[in-house]
Engineer: 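Got a structure for you, questions after.
In listed order, ligands and their atoms are each counted from 1.
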Amino acid sequence: MTHPAQPKASHFINGAYVEDTAGTPIPVIYAATGEQIATVYAATPTIIEQALSTAKAAQKEWAKMTGTERGRILRRAADIMRERNHDLSVLETYDTGKPLQETLVADATSGADALEYFGGLAASLTGEHIPLGEDWVYTKREALGLCVGIGAWNYPTQIACWKGAPALACGNSMVFKPSETTPLCALKVAEILIEAGAPAGVFNVVQGMGEVGGALVTDPRVDKVSLTGSVPTGKKVYAAAAAGMKHVTMELGGKSPLIIFDDADIDNAVGGAINGNFYSSGQVCSNGTRVFVQKGIKEKFLARLAERTGNAILGDPMDEATSFGPMVTENQMNIVLGYIEKGKEEGARVICGGARADMDGYYIQPTVFADVTDEMTIAREEIFGPVMSVLDFDTEEEVVARANDTEFGLSAGVFTKDFTRAHRVIGNLEAGSCFINSYNDAPVEAPFGGVKASGVGRENSKEAIKHFSQVKSVYVRMGDVEAAF
Ligand code: NAD
């Protein structure tokens, strides 16, 4: 019997599901059991051509609609997503293995937030009038054209909406390629947009591995590429986009610092460290995986952290009581277990976890290492799993320097009751998305993105509009033209 997660077909192009079984089969594995629940096929050159030519043609008409009309469609799509939140959350859980307890509140809901927010902004995207005596200049905010979105596997619904919603609000069309690991959810976003009244072809989904992404990025018809992925992939995609002088947004990896001063509320700081390391089993790009704890509260912090981490409920992700799910794939589980072994070998102290969980599926125990030093591999490389490194520090100056000593710069957090210090420290940290006495909040109203190797551009908020549109300026002469000859 066909599993309910199996989509009607692999791709969604020009308003309809499309199949081409000549492409490489991509098995979809449910991470909680290891069973294959669906198959999709990577896009063939024919499918890629269909998607790009359709999106190119559809964009012109879409951009001619008023912002109010485009916005209404996006807001209707948001309503449909909210009405179907339960089913979409179950699908997200099948796609990623993340527990339903999370997906019910974090995935289709945040996708709907993006559709609603950018739907609301669509009608207010205007230019300005610049008076120059008798003459004047006016500016227009125009769409970029055809945009390509490429997703990572941790938030397949959210990533499709975070890219699709601002792109469409500005009058662009999009071809979206989900991660080959989680190909299911973006198809639902495409389906819902059509149901909400989007013209066929403005949002298309094609499946495939890196080669399909590469073919999309290098196509001369494409004006913009927005990638969520790792730094090595980001470098390749950025270079390919540069060759065609295309616009880019790069949402890449991180190794973010979370700094806890000794005056912090311990339970809030522990809560921040848990949210910033164990949500989605640690598969979150902005995670605060280097937790710097001031020496005075180190043992108290570790004791409370171990106690609360012990309350994590590992189990069937479809059971709403489960608060901690498996790694997305067996491969990702093995990568993370490799880092855990490295941490032990290099002398870090295991406070809790430190091994695969004794159950079916790709579960790793939430793991905390203490006595981690800056040179250890687990303190330098992005692990993308439930592995928290706790490092000690003495002074503010020292911890800021150590926190910044990394190629990454996605997020940073600080816990302290001293507000002057909180703002000073955040001001000195090299990161794009920061938190004071909190960690990992990502409301659509706030800009999200990194500095240094963690990325270029911003998603969400009014900032995203700048990255999906461009300004045309028009000089208008009211009198005669003077010329030298
Ligand atoms: P990945 O870099 O392996 O893949 C990302 C996407 O790029 C996939 O869809 C993949 O098929 C595609 N791709 C791979 N090679 C390509 C190429 N040459 N041309 C075009 N596309 C190509 O990343 P992943 O393993 O899926 O995701 C985990 C990474 O994503 C982590 O580093 C994580 O930090 C990062 N991430 C960042 C954010 C953010 O918003 N900053 C959010 C989630 C994940």
Side-chain angles (χ1 to χ4, degrees), residues 24 26 40 42-43 48 95-96 98 106-107 110 114 148-163 175-183 185-186 205-219 222 225-244 246 248-256 276 279-289 327-329 331-333 335-336 381-385 406-411 431-433 440 442 444 446-460 464 467:
T24 310
I26 302 173
V40 296
I48 295 171
D95 220 2
T96 61
K98 292 186 294 181
D107 293 284
S110 69
V148 161
I150 301 178
W153 41 254
N154 52 350
Y155 284 84
T157 306
Q158 185 185 80
I159 293 172
C161 292
W162 279 17
K163 298 188 189 309
V175 175
F176 184 81
K177 189 198 85 63
S179 162
E180 58 272 34
T181 306
T182 52
C185 297
V205 175
V206 299
Q207 309 292 350
M209 281 68 88
E211 304 86 73
V212 173
L216 295 171
V217 173
T218 48
D219 191 280
V222 171
V225 180
S226 176
L227 169 80
T228 297
S230 60
V231 173
T233 302
K235 287 181 179 167
K236 279 188 226 159
V237 173
Y238 199 173
K246 299 176 201 295
V248 294
T249 299
M250 295 281 146
E251 293 294 349
L252 309 176
K255 190 74 199 175
S256 300
Y279 201 73
S280 302
S281 300
Q283 302 166 111
V284 180
C285 51
S286 51
N287 272 356
T289 47
M327 294 287 95
V328 71
T329 58
N331 184 43
Q332 186 63 19
M333 177 186 72
I335 291 171
V336 176
E381 295 181 15
E382 183 184 46
I383 298 174
F384 225 58
T406 167
E407 64 166 319
F408 299 108
L410 185 48
S411 290
S433 303
N440 260 356
V444 68
F448 181 80
V451 302
K452 294 158 74 178
S454 292
V456 175
R458 292 291 176 271
E459 296 200 296
N460 288 341
H467 297 287

Engineer: Check whether any N or O atom of T228, backbone or side chain, sits under 3.5 Å from an N or O atom of ligand 1, and answer yes or no.
Structural biologist: no
Engineer: Would the distance check show the side chain of N287 and the main-chain N or O of G282 forming a donor-acceptor pair, the cut-off being under 3.5 Å?
Structural biologist: yes
Engineer: Give the minimum heavy-atom separation between Q283 and Q332, together with the two atoms involved.
Structural biologist: OE1-CG, 4.2 Å
Engineer: Is it the side chain (CB and beyond), the backbone, both or neither of L252 that lies under 4.0 Å from ligand 1, heavy atoms counted?
Structural biologist: backbone
Engineer: Side chain, backbone, both or neither: which part of M209 has a heavy atom under 4.0 Å from ligand 1?
Structural biologist: backbone
Engineer: For residues M333 and M327, report the shortest heavy-atom separation together with the two atoms involved.
Structural biologist: CA-CG, 3.7 Å
Engineer: Return the residue, atom name and 0.1 Å-rounded distance of the protein heavy atom closest to atom 18 (N) of ligand 1.
Structural biologist: K236 CD, 4.0 Å
Engineer: Please state which protein non-hydrogen atom is closest to atom 6 (C) of ligand 1 and give its distance, to 0.1 Å?
Structural biologist: G151 O, 3.3 Å
Engineer: Could you tell me the residue and atom name of the protein heavy atom closest to atom 27 (O) of ligand 1, and the distance to it rounded to 0.1 Å?
Structural biologist: A152 CB, 3.4 Å
Engineer: Taking 4.0 angstrom as the limit and counting only heavy atoms of L410, give me the atoms of ligand 1 inside it, by number and element.
Structural biologist: 41 (N)
Engineer: Give a yes or no answer on whether the side chain of S256 reaches the backbone of G288 with a donor-acceptor pair at less than 3.5 Å.
Structural biologist: no
Engineer: Do you know which two heavy atoms are closest between V444 and N460, and how far apart they sit?
Structural biologist: O-CB, 3.3 Å
Engineer: To which protein heavy atom is atom 12 (C) of ligand 1 closest, and what is the distance rounded to 0.1 Å?
Structural biologist: I150 CG2, 3.7 Å
Engineer: Are more than 12 heavy atoms from other residues, nucleotides or ligands located less than 6.0 Å from atom OH of Y238?
Structural biologist: no
Engineer: Could you tell me whether some N/O pair between S454 and ligand 1 is separated by less than 3.5 angstrom?
Structural biologist: no
Engineer: If you look at every heavy atom in K98 and S280, which pair is closest and at what distance?
Structural biologist: CD-OG, 3.5 Å
Engineer: Could you tell me which non-hydrogen atom of A240 sits nearest to which non-hydrogen atom of T218, and how far apart they are?
Structural biologist: CB-CG2, 4.1 Å
Engineer: Between T406 and F408, is there a donor-acceptor pair closer than 3.5 Å when you use the side chain of the first and the backbone of the second?
Structural biologist: yes
Engineer: Considering the heavy atoms of C285, write down every atom of ligand 1 situated less than 4.0 Å from one of them.
Structural biologist: 33 (C), 34 (O), 36 (N), 37 (C), 38 (C), 39 (C), 40 (O), 41 (N), 42 (C), 43 (C), 44 (C)
Engineer: List ligand 1 atoms under 4.0 Å from G253, heavy atoms only on the residue side.
Structural biologist: 32 (O), 34 (O)
Engineer: Are a donor atom and an acceptor atom from the side chains of S286 and N440 found within less than 3.5 Å of each other?
Structural biologist: yes
Engineer: Using atom types as modelled and distance alone, determine if a side-chain donor or acceptor of S226 lies under 3.5 Å from a backbone N or O of G149.
Structural biologist: no
Engineer: Below the 3.5 angstrom mark, is there an N/O of N154, backbone or side chain, next to an N/O of ligand 1?
Structural biologist: no
Engineer: Identify, for atom 33 (C) of ligand 1, the protein heavy atom at the shortest distance, and state residue, atom and that distance.
Structural biologist: F384 CE1, 3.2 Å
Engineer: Mark up the atoms of ligand 1 that fall under 4.0 Å of a heavy atom belonging to E382, in ascending order.
Structural biologist: 31 (C), 32 (O), 33 (C), 34 (O)
Engineer: Just distances here: any N/O of G229 and N/O of ligand 1 closer than 3.5 Å?
Structural biologist: yes
Engineer: As a check for students: among S179, G210, G432, identify the option with a heavy atom nearest to atom 17 (C) of ligand 1.
Structural biologist: G210
Engineer: Kindly identify the option in N460, V284, T233, L216 whose heavy atom sits closest to atom 13 (N) of ligand 1.
Structural biologist: T233
Engineer: Any non-hydrogen atom of V212 lying under 4.0 Å from ligand 1?
Structural biologist: no
Engineer: Could you find the nearest protein heavy atom to atom 24 (P) of ligand 1 and give me its residue, atom name and distance?
Structural biologist: W153 NE1, 3.4 Å
Engineer: Please indicate whether any nitrogen or oxygen in E180 is less than 3.5 Å from any nitrogen or oxygen in ligand 1.
Structural biologist: yes
Engineer: Check whether the side chains of K163 and T249 place a donor and an acceptor atom closer than 3.5 Å, and report yes or no.
Structural biologist: no
Engineer: Give a yes/no on ligand 1: does G455 have at least one heavy atom closer than 4.0 angstrom to it?
Structural biologist: no
Engineer: Under 6.0 Å between ring centres, would you say that holds for Y155 and W162?
Structural biologist: no
Engineer: Is the closest heavy-atom distance from Y155 to ligand 1 below 4.0 Å?
Structural biologist: no
Engineer: Can you find an N or O of S230 that's nearer than 3.5 Å to an N or O of ligand 1?
Structural biologist: yes
Engineer: I need the minimum non-hydrogen distance between P156 and D95, along with the two atoms involved.
Structural biologist: CG-OD2, 3.8 Å
